[in-house]
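The structure appears right after this line, and notes come after that.
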Amino acid sequence: MAGAVVVKELLREMHTWMAGYMKSFYTEDEEVQQGIRVKEEHTGYVTANMVALAKHLGLSEHDTALAEIMGLFHDVGRFHQYTLYRTFNDAHSEDHAELGVKVIGELPCFHKLSEEDYEAVCFAIRHHNKKILPADTGGRLLVFGKMLRDADKLDIYRVLNPYLSKENEDKMPNFVQGKGHPEISPDFIEDFVSGKQADFYRIRTLGDRKIVRLMWAYDVNFAWTMARIQERGYLDQIIRHLPMDANVEKGVARLKDYVAQKLRQEDRVEM
Ligand SMILES: [Fe+2]
(Lines give C-alpha, C1' and ligand atoms only; values in the text may rest on other atoms or scores of the structure.)
Protein backbone atom coordinates (compact mmCIF):
# COMPACT_ATOMS: atom_id res chain seq x y z
CA MET A 1 0.00 0.00 0.00
CA ALA A 2 1.25 3.49 -0.84
CA GLY A 3 2.36 5.34 2.32
CA ALA A 4 1.60 8.91 3.38
CA VAL A 5 4.76 10.31 1.78
CA VAL A 6 3.94 8.69 -1.55
CA VAL A 7 0.42 10.08 -1.58
CA LYS A 8 1.71 13.52 -0.60
CA GLU A 9 4.12 13.47 -3.53
CA LEU A 10 1.34 12.35 -5.82
CA LEU A 11 -0.69 15.32 -4.64
CA ARG A 12 1.83 17.74 -6.10
CA GLU A 13 1.68 15.95 -9.45
CA MET A 14 -2.11 15.92 -9.32
CA HIS A 15 -2.40 19.63 -8.52
CA THR A 16 -0.16 20.44 -11.49
CA TRP A 17 -2.17 18.19 -13.80
CA MET A 18 -5.52 19.58 -12.66
CA ALA A 19 -4.40 23.22 -13.00
CA GLY A 20 -3.26 22.54 -16.57
CA TYR A 21 -6.39 20.55 -17.37
CA MET A 22 -8.71 23.32 -16.23
CA LYS A 23 -6.72 25.94 -18.17
CA SER A 24 -6.96 23.80 -21.30
CA PHE A 25 -10.71 24.58 -21.35
CA TYR A 26 -10.23 28.36 -21.35
CA THR A 27 -11.95 29.91 -24.32
CA GLU A 28 -12.67 33.26 -26.00
CA ASP A 29 -16.39 32.50 -25.68
CA GLU A 30 -17.25 34.68 -22.67
CA GLU A 31 -20.22 32.69 -21.49
CA VAL A 32 -18.37 29.36 -21.54
CA GLN A 33 -15.31 30.97 -19.97
CA GLN A 34 -17.43 32.26 -17.07
CA GLY A 35 -18.72 28.75 -16.38
CA ILE A 36 -15.20 27.28 -16.52
CA ARG A 37 -13.84 29.93 -14.13
CA VAL A 38 -16.68 29.32 -11.67
CA LYS A 39 -15.85 25.62 -11.60
CA GLU A 40 -12.11 26.30 -11.31
CA GLU A 41 -12.72 28.45 -8.22
CA HIS A 42 -15.22 25.95 -6.83
CA THR A 43 -12.57 23.23 -7.19
CA GLY A 44 -10.14 25.30 -5.11
CA TYR A 45 -12.65 25.96 -2.33
CA VAL A 46 -13.91 22.37 -2.13
CA THR A 47 -10.30 21.12 -1.95
CA ALA A 48 -9.62 23.55 0.93
CA ASN A 49 -12.87 22.49 2.65
CA MET A 50 -11.83 18.82 2.42
CA VAL A 51 -8.44 19.51 4.03
CA ALA A 52 -10.00 21.59 6.82
CA LEU A 53 -12.66 18.96 7.47
CA ALA A 54 -10.07 16.13 7.48
CA LYS A 55 -8.02 18.05 10.06
CA HIS A 56 -11.11 18.73 12.17
CA LEU A 57 -11.94 15.00 12.13
CA GLY A 58 -8.37 14.13 13.11
CA LEU A 59 -7.65 12.03 10.02
CA SER A 60 -4.12 10.74 9.42
CA GLU A 61 -1.76 12.58 7.09
CA HIS A 62 -2.39 9.90 4.48
CA ASP A 63 -6.17 10.17 4.71
CA THR A 64 -6.00 13.97 4.72
CA ALA A 65 -4.04 13.79 1.45
CA LEU A 66 -6.70 11.44 0.04
CA ALA A 67 -9.43 13.88 1.10
CA GLU A 68 -7.53 16.62 -0.73
CA ILE A 69 -7.39 14.48 -3.89
CA MET A 70 -11.16 13.92 -3.70
CA GLY A 71 -11.83 17.65 -3.43
CA LEU A 72 -9.43 18.46 -6.25
CA PHE A 73 -10.96 15.96 -8.70
CA HIS A 74 -14.60 15.85 -7.55
CA ASP A 75 -15.81 18.00 -10.46
CA VAL A 76 -13.20 17.04 -13.05
CA GLY A 77 -16.10 15.83 -15.22
CA ARG A 78 -17.65 19.31 -15.24
CA PHE A 79 -15.16 20.77 -17.72
CA HIS A 80 -15.83 18.26 -20.43
CA GLN A 81 -19.57 18.42 -19.68
CA TYR A 82 -19.78 22.22 -19.96
CA THR A 83 -17.69 22.48 -23.08
CA LEU A 84 -19.65 19.72 -24.80
CA TYR A 85 -23.21 20.46 -23.64
CA ARG A 86 -22.96 24.09 -22.38
CA THR A 87 -24.85 23.13 -19.24
CA PHE A 88 -24.10 21.96 -15.71
CA ASN A 89 -27.48 20.25 -15.60
CA ASP A 90 -26.82 16.49 -15.43
CA ALA A 91 -30.42 15.71 -16.39
CA HIS A 92 -29.96 17.61 -19.65
CA SER A 93 -26.53 16.16 -20.45
CA GLU A 94 -24.58 13.45 -18.63
CA ASP A 95 -23.92 12.62 -14.98
CA HIS A 96 -20.78 14.71 -14.35
CA ALA A 97 -19.68 12.48 -11.48
CA GLU A 98 -19.60 9.41 -13.75
CA LEU A 99 -17.78 11.49 -16.36
CA GLY A 100 -15.24 12.45 -13.69
CA VAL A 101 -14.60 8.85 -12.65
CA LYS A 102 -13.95 8.07 -16.34
CA VAL A 103 -11.41 10.92 -16.65
CA ILE A 104 -9.60 9.74 -13.51
CA GLY A 105 -9.47 6.15 -14.77
CA GLU A 106 -7.36 7.30 -17.71
CA LEU A 107 -4.84 9.26 -15.62
CA PRO A 108 -1.50 7.51 -14.95
CA CYS A 109 -1.01 9.24 -11.56
CA PHE A 110 -4.12 7.54 -10.21
CA HIS A 111 -2.65 4.12 -10.94
CA LYS A 112 0.01 4.90 -8.34
CA LEU A 113 -2.61 4.85 -5.58
CA SER A 114 -3.24 1.60 -3.73
CA GLU A 115 -6.34 -0.24 -4.88
CA GLU A 116 -8.13 0.61 -1.65
CA ASP A 117 -7.36 4.32 -1.92
CA TYR A 118 -8.30 4.42 -5.60
CA GLU A 119 -11.62 2.78 -4.75
CA ALA A 120 -12.27 5.36 -2.00
CA VAL A 121 -11.53 8.30 -4.34
CA CYS A 122 -13.79 6.91 -7.08
CA PHE A 123 -16.55 6.11 -4.61
CA ALA A 124 -16.59 9.60 -3.06
CA ILE A 125 -16.55 11.30 -6.45
CA ARG A 126 -19.17 9.00 -7.99
CA HIS A 127 -21.61 9.67 -5.13
CA HIS A 128 -20.94 13.34 -4.38
CA ASN A 129 -23.90 14.48 -6.49
CA LYS A 130 -26.39 11.67 -5.83
CA LYS A 131 -29.52 12.23 -3.77
CA ILE A 132 -28.21 9.93 -1.01
CA LEU A 133 -25.25 7.61 -0.40
CA PRO A 134 -26.00 3.90 -0.97
CA ALA A 135 -27.63 2.46 2.17
CA ASP A 136 -25.06 -0.32 2.54
CA THR A 137 -22.04 2.04 2.67
CA GLY A 138 -19.82 1.74 5.74
CA GLY A 139 -16.30 2.32 7.07
CA ARG A 140 -13.86 4.56 5.22
CA LEU A 141 -16.07 4.85 2.15
CA LEU A 142 -18.90 6.26 4.26
CA VAL A 143 -16.62 8.79 5.98
CA PHE A 144 -15.08 10.04 2.72
CA GLY A 145 -18.45 10.02 0.95
CA LYS A 146 -20.01 12.16 3.70
CA MET A 147 -17.03 14.51 3.77
CA LEU A 148 -17.09 15.24 0.05
CA ARG A 149 -20.83 15.86 0.00
CA ASP A 150 -20.43 18.35 2.86
CA ALA A 151 -17.39 20.10 1.37
CA ASP A 152 -19.22 20.47 -1.95
CA LYS A 153 -22.52 21.76 -0.48
CA LEU A 154 -20.74 24.29 1.69
CA ASP A 155 -19.17 25.83 -1.39
CA ILE A 156 -22.29 25.68 -3.55
CA TYR A 157 -23.95 28.00 -1.02
CA ARG A 158 -21.06 30.44 -1.58
CA VAL A 159 -21.46 30.22 -5.37
CA LEU A 160 -25.25 30.53 -5.57
CA ASN A 161 -26.34 32.74 -2.67
CA PRO A 162 -25.28 36.03 -4.32
CA TYR A 163 -28.05 35.51 -6.90
CA LEU A 164 -30.86 35.44 -4.33
CA SER A 165 -31.78 39.12 -4.42
CA LYS A 166 -34.25 40.40 -6.98
CA GLU A 167 -31.70 42.77 -8.53
CA ASN A 168 -29.02 40.09 -8.84
CA GLU A 169 -31.47 37.51 -10.15
CA ASP A 170 -31.21 39.15 -13.55
CA LYS A 171 -27.43 38.86 -13.46
CA MET A 172 -27.76 35.12 -13.02
CA PRO A 173 -25.48 33.38 -15.46
CA ASN A 174 -27.01 30.69 -17.64
CA PHE A 175 -25.51 27.90 -15.57
CA VAL A 176 -27.79 28.87 -12.65
CA GLN A 177 -31.21 27.56 -13.58
CA GLY A 178 -34.49 28.48 -11.94
CA LYS A 179 -35.09 31.98 -13.19
CA GLY A 180 -38.72 33.01 -13.33
CA HIS A 181 -41.65 32.62 -10.98
CA PRO A 182 -40.78 33.47 -7.39
CA GLU A 183 -43.50 31.30 -5.76
CA ILE A 184 -42.96 27.82 -4.35
CA SER A 185 -44.87 24.88 -5.85
CA PRO A 186 -47.37 23.24 -3.40
CA ASP A 187 -45.59 19.86 -3.45
CA PHE A 188 -42.31 21.55 -2.47
CA ILE A 189 -43.99 23.36 0.43
CA GLU A 190 -45.41 20.01 1.57
CA ASP A 191 -41.96 18.40 1.48
CA PHE A 192 -40.46 21.36 3.33
CA VAL A 193 -43.04 21.25 6.14
CA SER A 194 -42.49 17.51 6.59
CA GLY A 195 -38.69 17.94 6.56
CA LYS A 196 -38.29 15.69 3.53
CA GLN A 197 -35.70 16.13 0.77
CA ALA A 198 -37.45 17.57 -2.28
CA ASP A 199 -36.75 15.99 -5.62
CA PHE A 200 -34.34 18.10 -7.64
CA TYR A 201 -35.85 16.90 -10.89
CA ARG A 202 -39.28 18.35 -10.00
CA ILE A 203 -38.02 21.95 -9.69
CA ARG A 204 -40.31 24.31 -11.61
CA THR A 205 -39.87 27.74 -10.05
CA LEU A 206 -37.22 29.93 -8.46
CA GLY A 207 -38.96 29.37 -5.13
CA ASP A 208 -38.61 25.58 -5.59
CA ARG A 209 -34.90 26.04 -6.15
CA LYS A 210 -34.52 27.99 -2.92
CA ILE A 211 -36.43 25.31 -0.99
CA VAL A 212 -34.23 22.55 -2.40
CA ARG A 213 -31.14 24.45 -1.32
CA LEU A 214 -32.54 24.98 2.17
CA MET A 215 -33.37 21.28 2.45
CA TRP A 216 -29.76 20.37 1.73
CA ALA A 217 -29.24 21.32 5.37
CA TYR A 218 -30.98 18.05 6.31
CA ASP A 219 -28.28 16.22 4.36
CA VAL A 220 -25.30 17.97 6.01
CA ASN A 221 -23.32 15.29 7.80
CA PHE A 222 -20.95 17.07 10.16
CA ALA A 223 -21.46 19.75 12.82
CA TRP A 224 -18.28 21.36 11.43
CA THR A 225 -19.98 21.97 8.08
CA MET A 226 -23.17 23.25 9.70
CA ALA A 227 -21.12 25.67 11.81
CA ARG A 228 -19.49 27.12 8.66
CA ILE A 229 -22.93 27.40 7.01
CA GLN A 230 -24.28 29.16 10.08
CA GLU A 231 -21.40 31.60 10.59
CA ARG A 232 -21.65 32.66 6.94
CA GLY A 233 -25.42 33.07 7.23
CA TYR A 234 -26.18 31.02 4.09
CA LEU A 235 -29.50 29.56 5.30
CA ASP A 236 -30.72 32.86 6.75
CA GLN A 237 -29.97 34.58 3.44
CA ILE A 238 -32.16 32.07 1.60
CA ILE A 239 -34.93 32.29 4.22
CA ARG A 240 -35.00 36.10 3.86
CA HIS A 241 -35.68 35.67 0.16
CA LEU A 242 -38.54 33.15 0.50
CA PRO A 243 -42.15 34.06 -0.26
CA MET A 244 -43.56 33.51 3.28
CA ASP A 245 -46.84 31.98 4.36
CA ALA A 246 -47.91 29.96 7.42
CA ASN A 247 -46.72 26.64 5.97
CA VAL A 248 -43.36 27.98 4.82
CA GLU A 249 -42.92 29.42 8.33
CA LYS A 250 -43.59 25.96 9.78
CA GLY A 251 -40.93 24.50 7.50
CA VAL A 252 -38.46 27.20 8.54
CA ALA A 253 -39.09 26.55 12.25
CA ARG A 254 -38.53 22.83 11.74
CA LEU A 255 -35.32 23.49 9.83
CA LYS A 256 -33.99 25.83 12.52
CA ASP A 257 -34.61 23.18 15.20
CA TYR A 258 -32.75 20.66 13.11
CA VAL A 259 -29.80 23.01 12.54
CA ALA A 260 -29.52 23.74 16.28
CA GLN A 261 -29.53 20.01 17.01
CA LYS A 262 -26.90 19.33 14.34
CA LEU A 263 -24.63 22.04 15.74
CA ARG A 264 -24.62 20.22 19.10
CA GLN A 265 -23.48 16.94 17.49
CA GLU A 266 -19.95 15.79 18.24
CA ASP A 267 -18.13 14.87 15.03
CA ARG A 268 -16.36 11.58 15.52
CA VAL A 269 -15.35 9.07 12.82
CA GLU A 270 -13.85 5.58 12.80
CA MET A 271 -11.37 5.02 9.98
FE1 LIG B 1 -20.06 18.12 -8.63
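The model shown is predicted, which means the values in this text are computed figures rather than measured ones. The basis for the numbers below is simple: all heavy atoms, side chains too, and nothing from hydrogens, waters or symmetry mates. Order of appearance sets the numbers: ligands from 1, and atoms from 1 within every ligand.
- The distance from the OH atom of Tyr163 to the CG atom of Leu206 is 13.5 Å, given to the nearest 0.5 Å.
- You'll find the ring centres of His96 and His128 inside the 6.0 Å limit.
- Phe88 has its ring centre less than 6.0 Å from the ring centre of Tyr82.
- Separation of the Phe110 and Phe73 ring centroids falls under the 6.0 Å cut-off.
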Can you list, pair by pair, the side-chain donor-acceptor contacts under 3.5 Å of residues 49-60, counting residues two or more places apart and other chains?
{"unit_1": "Asn49", "atom_1": "ND2", "unit_2": "Ala151", "atom_2": "O", "d": "3.0"}
{"unit_1": "His56", "atom_1": "NE2", "unit_2": "Asp267", "atom_2": "OD2", "d": "2.9"}
{"unit_1": "Ser60", "atom_1": "OG", "unit_2": "Asp63", "atom_2": "N", "d": "3.0"}

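- Heavy atoms only, all atoms of each residue included: Asn221 and Lys262 are closest at O-NZ, 3.2 Å.
- The distance cut-off of 2.8 Å around the Fe ion (ligand 1) captures these protein N, O or S atoms, sorted by chain and number: Asp75 OD1, His96 NE2, His128 NE2.
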